[in-house]
Amino acid sequence: MIQHATIVDVRSGKLVNDQTITITGNKISSIGNSEDMDIPDYAQVRDAKGQYVIPGLWDMHVHLEENYKNAFPLFLTNGVTGVREMGAALTNVDQWNTRIQAGMTAPRLVYAGLTLNGGPADEAPHMLASKGTSQ
């Protein structure tokens, strides 16, 4: 449980003071005023007085390549719980997903796919030259 936190309500744009968050497994199961919440004897409690809780952030434009081992923990430390990879080789994305499934801590990962380029493709693994037809 996280007790006495200030929650940033992104729907209303307001701060909600002195809230307790109950977490079951890895999901939030309830949120309520701290004075109204019962704390079970077995609960692990963190006092978050003076701290804020926000929804997870997304970084919608990242290029991870070989930096993923350092980047994933930094994203999470800074509240970024999801990233969109904009152009790594698919073999890299597969490797990251395999490691995530094996237990590596990481943000959610989505992949943008190939970039179609009207000219010759550069050296980037996500670039694909398109060949148009003349009219």
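Below, all heavy atoms of this structure are taken into account, side chains as well, without hydrogens, waters or symmetry copies.
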In Å, rounded to the nearest 0.5 Å, how long is the span from [atom1] of [X] to [atom2] of [Y]?
X	Y	atom1	atom2	value
Thr98	Met104	OG1	CE	9.5 Å
Glu35	His4	CD	NE2	10.0 Å
Ile28	Ile2	CD1	CD1	7.0 Å
Lys69	Arg99	NZ	CZ	4.5 Å
Gln3	Asp18	CD	CG	8.5 Å
Tyr68	Gln95	OH	CD	4.0 Å

Shortest non-hydrogen contact from Met86 toward His63
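In terms of heavy atoms, the two residues are closest at CB-CE1, 3.7 Å.
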Between Val80 and Pro107, the two heavy atoms sitting closest are O-CB, 3.7 Å
Please answer whether the main-chain N or O of [Y] pairs with a side-chain N or O of [X] as donor and acceptor at a distance below 3.5 Å.
X	Y	result
Ser29	Thr22	yes
Asp9	Ser12	yes
Arg108	Gly82	no
Tyr111	Ala88	yes

side-chain contact (heavy atoms from CB on, under 4.5 Å) between Gln19 and Thr6: does it pass, once the steps are laid out?
CA-CA 6 Å; Gln19 298 292 294; Thr6 299; over 6 Å; no
So do the side chains of [X] and [Y] get within less than 4.5 Å of each other, counting heavy atoms only?
X	Y	value
Ile21	Ile7	yes
Leu64	Phe75	yes
Met1	Gln44	no
Thr20	Ile31	no

What pairs meet the side-chain hydrogen bond (donor to acceptor under 3.5 Å, both in side chains) rule with one or both residues in residues 47-58, with sequence neighbours excluded?
Arg46-Gln51
Take atom CG in Asp38; do more than 12 heavy atoms of anything else shown fall under 6.0 Å from it?
no
